[in-house]
Amino acid sequence: MKVRVDPELCQGHTLCAMIAPKAFELDEVDGHSTAVGEDVPADQEEEVREAAHSCPERAIQLF
């Protein structure tokens, strides 16, 4: 599985980093999220899916 955060949609709610802290990092200035890496390790897939479903802006794309 691969993950990407759309910077145009992300509003910095930080839910993704709270749910999957190894997969997402937050900008120190505005809290906007980026994926640590595009490829999600198998042991993090469930958390990343939960983070994507929890994003109020639907900024997290899984493919």
Side-chain angles (χ1 to χ4, degrees):
M1 179 170 71
K2 294 183 184 285
V3 63
R4 185 176 307 141
V5 178
D6 184 331
E8 298 295 317
L9 295 177
C10 179
Q11 296 295 308
H13 296 287
T14 74
L15 293 173
C16 57
M18 287 188 281
I19 294 168
K22 293 180 184 176
F24 300 97
E25 55 191 10
L26 303 175
D27 184 284
E28 291 182 21
V29 175
D30 59 14
H32 287 156
S33 178
T34 56
V36 171
E38 187 174 89
D39 294 313
V40 178
D43 66 332
Q44 294 178 26
E45 287 184 1
E46 186 176 331
E47 289 178 344
V48 171
R49 279 192 188 96
E50 183 180 343
H53 291 296
S54 297
C55 179
E57 307 303 331
R58 299 293 181 233
I60 301 171
Q61 303 162 346
L62 304 177
F63 53 102

Of all heavy-atom pairs linking Ser54 and Arg58, the shortest is N-NH1, 4.2 Å

Can you name the closest pair of heavy atoms from Glu8 and Gln11 and give their distance?
O-NE2, 4.3 Å

Looking only at heavy atoms, what is the nearest atom pair of Leu9 and Ala59, with distance?
CB-CB, 3.7 Å

Val36 to Lys22 - nearest heavy-atom pair and separation:
CG2-O, 3.4 Å

Provide the closest heavy-atom pair for Gly31 versus Leu26 in the form atom of the first, atom of the second, distance.
O-CD2, 3.4 Å

Between the side chain of His32 and the main-chain N/O of Cys10, is any donor-acceptor distance below 3.5 Å?
yes

Mind jotting down which residue pairs meet the side chain to side chain donor-acceptor pair (under 3.5 Å) criterion with at least one end in residues 33-47? Sequence neighbours excluded, please.
Lys2-Asp39, Arg4-Glu38

Check His13 against Glu57 and note the closest heavy-atom contact, atom names and distance.
NE2-OE2, 3.0 Å

Test of understanding: clusters of I, L, V, M, F, W, Y form through side-chain heavy atoms closer than 4.5 Å, transitively. Do Val40 and Val5 belong to the same one?
yes

Reported CG-to-CD distance for the pair Leu15 and Glu50, which is rounded to 0.5 angstrom:
10.0 Å

In chain order, what residues pass the side-chain contact (heavy atoms from CB on, under 4.5 Å) check against Ala52, with sequence neighbours excluded?
Ile60, Leu62

Just wondering, do Phe24 and Val48 contact through their side chains at under 4.5 Å, heavy atoms?
yes

